[in-house]
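First the structure, in the form of structure tokens, and then the observations on it.
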Amino acid sequence: MNARFHFLASIALAAAAVAGTADAQVGEPGRLLASNCFQCHGTNGQGPGFDTIAGKSASEIYQELKDFQAGKEGAGIMAKHSMGYTDAQLQLLAAWLATQR
Amino acid sequence: MDRRRFLGSAVAGVVGSTLLSCGGGGGDDSTVTTTEPPASTAPVIPSPTIKSRVIVIGGGMGGATVAKYLRLWGDAISVTLVERMPTYTSNIMSSLVLTGQRTMSSLSFSYDTLRSKYGIATVFGEVVGIDPVSVKVTLADGTVLTADRIVLAPGISFDDVPGLGTSDKMPHAWQAGPQTALLASQLNAMPSGGVMILTIPKTPYRCPPGPYERACLLADWLKINKPGSKLIVLDANPGIVIEVDNFTNAFTGLYGSVIEYHVNTEVISVDPNAMTLITTAGNFHGEVINLIPRQRAAPLLAVAGLNNATEGRFGRVNVLNYASTVAGAEKVHIIGDASATTQPKAGHIANQEAKVCADAISRILSGGSPDPAPVTNSACYSTITMSQASWLHALFQYDPGTADMKAVAAASGASTGWDVENFEDMETWFNALMGDSFG
């Protein structure tokens, strides 16, 4: 997953270079998707709130969300929430969240 | 001029702290390398000059969040937040003031962090005019503000109720503030064995589960504090509009001896001196009446000519960027309860609409286009008793076919029943949500 993040990051850098601006913030993959987590887990997943997400790896975050989707973590609000995303979306948002420390 | 002063004072607060932690990933690094040494050792100034300006009108859940995220995510966007009040009073949790479980001050949130941490300029004043074409805002004191974009987050207003006039005998307490405290004092003064009435307006109104959870909470409070009292719930809708299982079970089971529930009962007029409601199902008298009128966007939408949906009540928007769909007003965005979308009117999802809007504006102002597949979510807890709650959730995906946000069925629904743990989680949720919006 780390390799995946570096891959994503290099896409962002390349995109910025192509655009000829320093504005690689725009269009960061996964960021807007991941922001759906912030209401309950704090801005950038850094709390305060329910479990802090920042600091976890992309594979950890992705696997937890898959477990929620599969009903392995009960039938609470997070299980319901996880079922709204496609697999590709989960991968994107997990990759972005893993950049937060 | 203004531009320089803004940079000097406001952006200084952002340097080194916020922008380092906000952008995340490779994006930030590339921003840094063109202008500054590595992020960890030196402050990062996003750009030598402000590239664009956004005015946000309304400092509620949507307005505060969009202002914050425009600064977090935007490429050197200056943000001015225009708001009437120096502090925000949260509607979320405000029914707990009625039962004495929260204070009004615990619902108060300042704009200090938005100013100091994110470099947002605040202007406390009344907007009297908006020119959507030239992107200008006129304040009551004559000040004219110009920008590249305007975001309207003015919230709701209430229909006039015939006969009510300026009487405060039938408060709505649906915009937390003086009316919340007023209704609390009226409830305290109510005799045991008395009758309280709560009216629910036709949809769409702010916070779909809100009136039902308030009814449940107050029924519990009445049972304990005003024995023998009755709570008459007059619903203008044909039935409970959301979380039907939980509220039905609570109304008929837990509160079967307290709540009397009437559907299709719309208030026609009122007589505040007689404490009587004249409705489509006859007259009702109560000692305390919580009259929640039908709702529309704040008057500002009509002033700007943007109230083009729901029979002129709300503003239709493009949900990819929340721009108004009124021709020529594409540079004015409407988020939160004032907009007409398939999403509920509530603070949690207004926060997410704000992020979609901020992301889209930051992309547009940098020459790009909005994310073609935004996702939003709505989540909340409902007080079923004074110590137990349920939860309610929905997740929305953009549907290119209808150009609307569409609820994902598997991700939409409520808890099965209610418990103490959810009530505790409600507190955690509230603190997190307010932190993400104002902190």
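Every chain is numbered from 1 and lettered A, B, ... according to where its sequence line falls, protein lines coming before strand lines.
- Heavy-atom distances place the backbone of B/Leu392, and not its side chain, under 4.5 Å from chain A.
- If you tally non-hydrogen atom pairs under 4.5 Å between each of B/Ala409, B/Ala394, B/Ala373, B/Gly413 and chain A, the highest count goes to B/Gly413.
- The closest donor-acceptor contact from the side chain of B/Ser90 to the backbone of B/Ile92 lies under 3.5 Å.
- Taking the side chain as every heavy atom from C-beta outward, B/Met405 and B/Val375 never approach each other to under 4.5 Å.
- Inter-residue side-chain proximity for B/Glu353 and B/Val317 is flagged as unmet; no heavy-atom pair is nearer than 4.5 Å.
- Under 3.5 Å, the side chains of A/Gln63 and A/Lys56 contain no donor-acceptor pair of N or O atoms.
- Across A/Cys37 and A/Leu93, no two heavy atoms sit closer than the pair SG-CD1, 4.4 Å.
- Heavy-atom proximity under 4.5 angstrom to chain A picks out B/Asp425 from residues 415-425 of chain B.
- At a cut-off of 3.5 Å, with distance as the only test, a side-chain donor of A/Gln69 or A/Lys66 sits close to an acceptor on the other residue.
- In this structure, B/His333 contributes its side chain and B/Asn321 its backbone to a donor-acceptor pair below 3.5 Å.
- A/Gln89 and B/Gln397 are linked by a side-chain donor-acceptor pair at a separation below 3.5 angstrom, with hydrogens and angles left out of the test.
- B/Phe396 does not touch chain A: none of its heavy atoms, backbone or side chain, sits under 4.5 Å away.
- In this structure, chain B has a heavy atom under 4.5 Å from the side chain of A/Leu33, while its backbone stays farther away.
- In this structure, chain A has heavy atoms under 4.5 Å from both the backbone and the side chain of B/Leu433.
- In this structure, no portion of A/Ala79 lies under 4.5 Å from any heavy atom of chain B.
- In this structure, the portion of B/Tyr381 lying under 4.5 Å from any heavy atom of chain A is its side chain and not its backbone.
- For B/Ser369, no part lies near chain A; criterion is any non-hydrogen pair under 4.5 Å.
- The contact between B/Asn377 and chain A is made by backbone and side chain atoms together, counting heavy-atom distances below 4.5 Å.
- One side chain, B/Asp436 or B/Tyr69, offers a donor N or O that lies under 3.5 Å from an acceptor on the other.
- One finds a salt bridge joining B/Asp359 and B/Arg363 here, because a Lys/Arg side-chain nitrogen approaches an Asp/Glu carboxylate oxygen to under 4.0 Å.
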